[in-house]
Amino acid sequence: QVQVEESGGGSVQAGGSLKLSCAASGYNFNTCMGWFRQAPGKEREGVASIGLLGTVVYTLSVKGRFTISRGSAKNTLYLSMNVLKPEDTGTYFCAAGRRMCSSYEDVQAFLYDNETKDWGQGTQVNVSS
């Protein structure tokens, strides 16, 4: 059974930084992993995704500010968030895919398409102005 667990959320002022962590177990390490977020009253959106070979895709609003990375053990995922803005506020979810993920198209599809994923419970990020 796949288990996904996030940690590292918190409250910061605009311009600050946070680093989220995710630990996954019981899944195939050859899949994509990624971060998604949901702001109050809005639908969940993709933030960043990473493939087996390190290919990454970011949503436009976080490019240059956020960095997604995978641990050496491949079952850990990180999101370093810098120059945080109030619009980054929301619940951040870690997700692991269920199919092979190697090409740029795979990583992009994981972030934007509605394919089956295993989700964590989420961690809250609050950015005040």
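Remember, it's a predicted structure, so these values are computed and weren't measured experimentally.
Aromatic ring centres of Trp35 and Phe66: separated by at least 6.0 Å.
Under a hydrophobic clustering in which Ile, Leu, Val, Met, Phe, Trp and Tyr are joined whenever their side-chain heavy atoms come within less than 4.5 Å, directly or via other members, Leu52 and Ile68 fall into different clusters. Leu18 is connected to Leu77 through a chain of hydrophobic side-chain contacts under 4.5 Å among Ile, Leu, Val, Met, Phe, Trp and Tyr, so both are in one cluster. When hydrophobic clusters are built by joining Ile, Leu, Val, Met, Phe, Trp and Tyr residues whose side-chain heavy atoms come closer than 4.5 Å, directly or via intermediates, Val62 is grouped together with Val127.
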Table please: side-chain donor-acceptor pairs of residues 4-15 below 3.5 Å, with sequence neighbours left out.
from: Glu6; atom 1: OE1; to: Gln121; atom 2: N; distance (Å): 3.2
from: Glu6; atom 1: OE1; to: Gly122; atom 2: N; distance (Å): 2.9
from: Glu6; atom 1: OE2; to: Cys94; atom 2: N; distance (Å): 2.8
from: Glu6; atom 1: OE2; to: Gly122; atom 2: N; distance (Å): 3.2

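The cationic atom of Arg70 (NZ for Lys, CZ for Arg) does not lie both less than 6.0 Å from the six-membered ring centre of Tyr78 and within 45° of the ring axis.
In this structure, the side chain of Ser49 engages the main chain of Val107 through a donor-acceptor pair within 3.5 Å. Side-chain atoms of Tyr92 do not come within 3.5 Å of backbone N or O of Leu79 as any donor-acceptor pair. A distance-only check finds no donor-acceptor pair linking the side chain of Glu105 to the backbone of Ala109 [under 3.5 Å].
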Arg98 and Asp118: CA distance, side-chain angles, deciding distance, side-chain contact (heavy atoms from CB on, under 4.5 Å) verdict: CA-CA 8 Å; Arg98 294 188 180 183; Asp118 291 297; 2.7 Å; yes
From CA spacing to verdict: side chain to side chain donor-acceptor pair (under 3.5 Å), Thr89, Asn126: CA-CA 5 Å; Thr89 293; Asn126 295 311; 4.9 Å; no
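Note: Thr116 OG1 to Asn114 CG = 7.5 Å, rounded to the nearest 0.5 Å. Atom CG in Leu20 sits 11.0 Å away from atom CZ in Arg37 (nearest 0.5 Å). Lys85 contributes atom NZ, which lies 13.5 Å from atom OG of Ser129 (distance to the nearest 0.5 angstrom). A distance of 12.0 Å separates CZ in Phe93 from SG in Cys22, rounded to the nearest 0.5 Å.
Counting heavy atoms from C-beta outward, Lys117 and Val2 have side chains that stay 4.5 Å or more apart. The closest side-chain heavy-atom distance from Thr55 to Ile50 is not below 4.5 Å. In this structure, the side chains of Arg65 and Met81 stay at 4.5 Å or more apart for every pair of heavy atoms. Put simply, the side chain of Val57 does not reach to within 4.5 Å of the side chain of Phe110, judged on heavy atoms. Residues Glu115 and Arg99 have side chains in contact (heavy-atom distance under 4.5 Å, counting atoms from C-beta outward).
Side-chain atoms of Gln108 and Asp106 include no donor-acceptor pair closer than 3.5 Å. Side chains of Thr91 and Gln124: a donor on one and an acceptor on the other come within 3.5 Å.
Nearest approach of Cys101 to Thr31, heavy atoms of both residues: CB-C, 3.6 Å. Counting all heavy atoms, side chain and backbone alike, Ala48 lies closest to Tyr58 at CB-CD2, 3.5 Å.
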